[in-house]
Amino acid sequence: MTVLTDARPLDRVADFPAIPAGWAYLDTAATAQKPQVVVDAITRAYDTTYATVHRGVYQRSADMTVAYEAARAAAARFIGAASADEIVFVRGATEAINLVAASWGTTHLKAGDRILLSQLEHHSNIVPWQLLADRLGLAIDVCPLTADGRIDLDAAERMLTPAHKLVSLAHVSNVLGSILDARRAADLAHKVGAKLLLDGCQAVPRLPVDVAALGCDFYVFSAHKLYGPTGLGCLWASAETLDSMPPWQGGGAMIDRVSFARTTYAPAPARFEAGTPHIVGALGLHAAIDYVEGIGLEAIHAHEAALVVRAREALSRINSVRLFGPEDSAGIVSFAIDGVHPHDVGTILDEAHVAIRAGHHCAQPLMEALGVPATARASFGVYNGAADVDALAAGIERVTRIFG
Ligand code: PMP
């Protein structure tokens with residue numbers, strides 16, 4: 001038997017005030033816990049520096065505007081955007097995809113055009129396109145998966161035609177952890193004249209991301225999966241693409257000049273940010289980006305890969321466990337136990353202070369393809385170590401004993 005050690009421990013659990021000793025938090029793919037530096041950035045803003053942004057003539061507001069825009073610049077740098085103006089702050093990845101559908105989709109797509117998605121997409125990268133398809137008369141095609149749970153880009157290559165105007169795929173699957181060959185996906189999309197949107201929710205906390213190197217046209221992510229606050233996310237698109245997109249919501253802050261005769265709009269990104277933004281959320285995101293960059297995304301990826309190897313090896317020794325997804329998953333392991341509903345698995349693990357997610361993970365078409373109603377999912381973050389994986393494996397052994 002190979003004895004796997006936690007090859008690259010990060011020992012970061014002490015940074016996280018909401019993780020008590022002895023609690024194995026294995027639900028980072030749903031939402032990440034927050035390091036003290038993020039909590040402090042948010043608290044400090046509300047305690048001492050809070051004011052609105054962009055509109056105030058007083059110093060406090062001007063200072064807050066500088067901090068808010070610095071967060072945008074940090075997000076741009078973090079994913080390799082050419083300029084801070086290419087980052088649109090939204091409520092999360094879900095809103096970002098809905099924005100692209102409502103703005104870019106309604107102006108660049110027409111009846112008969114096709115969109116290529118994949119079988120493993122999160123509902124937030126399916127339903128906005130279905131709503132748009134119903135409205136405009138588009139067709140949606142679904143790229144199948146390989147046997148080990150990756151988006152099958154050979155199949156995508158065969159499926160893509162000049163009628164495809166958009167390919168929209170998860171950079172990392174929230175259920176299987178499989179990593180897309182995004183560069184190849186971009187090349188395949190561009191070959192037929194389609195744009196590529198990457199859903200980066202599960203990628204940005206786990207992999208170095210550089211939108212220029214990936215060659216995608218849109219990139220979206222949520223701050224709360226990146227150790228930042230809920231209620232904030234980013235849409236990236238090139239300045240040229242954003243310039244080609246009309247407003248999608250109207251209100252304050254997104255205008256150039258308003259009159260009843262004719263209203264004109266601000267340039268991007270303000271054009272897409274109607275209303276008072278999540279000011280403090282942006283400061284929290286900035287702190288989260290600084291935090292993960294301080295550790296290094298390469299180190300985080302290696303750490304989580306070691307935990308995945310350890311978890312897969314431990315679980316594969318338990319006969320009734322069925323593992324899904326590829327060996328080289330990015331920090332996420334989904335599994336099922338014969339004859340036991342994943343909800344029961346989750347409940348019994350909770351008694352042992354191991355928190356996993358059980359359900360369809362907002363990926364019902366993937367569940368259908370896997371032939372299960374739900375899976376149990378363990379997902380890792382910078383605070384997890386070998387002891388958490390061992391607690392998971394011990395908990396699963398207990399589940400199998402209870403269910404005979
Ligand atoms: N895409 C993926 C791959 C996800 O994991 C999630 C969150 N589970 C989303 C999109 C939606 O993110 P949010 O709910 O933060 O908008």
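In each ligand, atom 1 is the first atom listed, and ligand 1 is the first ligand listed.
Residues Phe221 and Val209 fail the side-chain proximity criterion, which asks for heavy atoms closer than 4.5 Å.
The pair Asp63-Arg60 fails the salt-bridge criterion, with no side-chain N (NZ, NE, NH1 or NH2) lying under 4.0 Å from an Asp/Glu carboxylate O.
For Ala311, the side chain to side chain contact (heavy atoms under 4.5 Å, CB included) test picks out Val333, Phe380, Val389, with sequence neighbours left out. Annotation: ring-ring contact (aromatic ring centres under 6.0 Å, His included) contacts of Phe78 (sequence neighbours excluded): none.
Counting only residues at least two apart or in different chains, salt bridge (Lys or Arg N to Asp or Glu O under 4.0 Å) contacts with residues 16-41 comprise Asp27-Arg377.
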Write none if no such pair exists; otherwise list each N/O atom of ligand 1 with its protein N/O partner under 3.5 Å and the distance.
{"from": "ligand 1", "atom 1": "1 (N)", "to": "Asp199", "atom 2": "OD1", "distance (Å)": "3.3"}
{"from": "ligand 1", "atom 1": "1 (N)", "to": "Asp199", "atom 2": "OD2", "distance (Å)": "2.5"}
{"from": "ligand 1", "atom 1": "5 (O)", "to": "Gln202", "atom 2": "NE2", "distance (Å)": "2.7"}
{"from": "ligand 1", "atom 1": "8 (N)", "to": "His122", "atom 2": "NE2", "distance (Å)": "3.2"}
{"from": "ligand 1", "atom 1": "8 (N)", "to": "Lys225", "atom 2": "NZ", "distance (Å)": "2.7"}
{"from": "ligand 1", "atom 1": "15 (O)", "to": "Ser222", "atom 2": "OG", "distance (Å)": "2.7"}
{"from": "ligand 1", "atom 1": "15 (O)", "to": "His224", "atom 2": "NE2", "distance (Å)": "2.8"}
{"from": "ligand 1", "atom 1": "16 (O)", "to": "Ala93", "atom 2": "N", "distance (Å)": "3.4"}
{"from": "ligand 1", "atom 1": "16 (O)", "to": "Thr94", "atom 2": "N", "distance (Å)": "2.9"}
{"from": "ligand 1", "atom 1": "16 (O)", "to": "Thr94", "atom 2": "OG1", "distance (Å)": "2.6"}

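A centroid separation of less than 6.0 Å is found between the aromatic rings of Tyr291 and Phe16.
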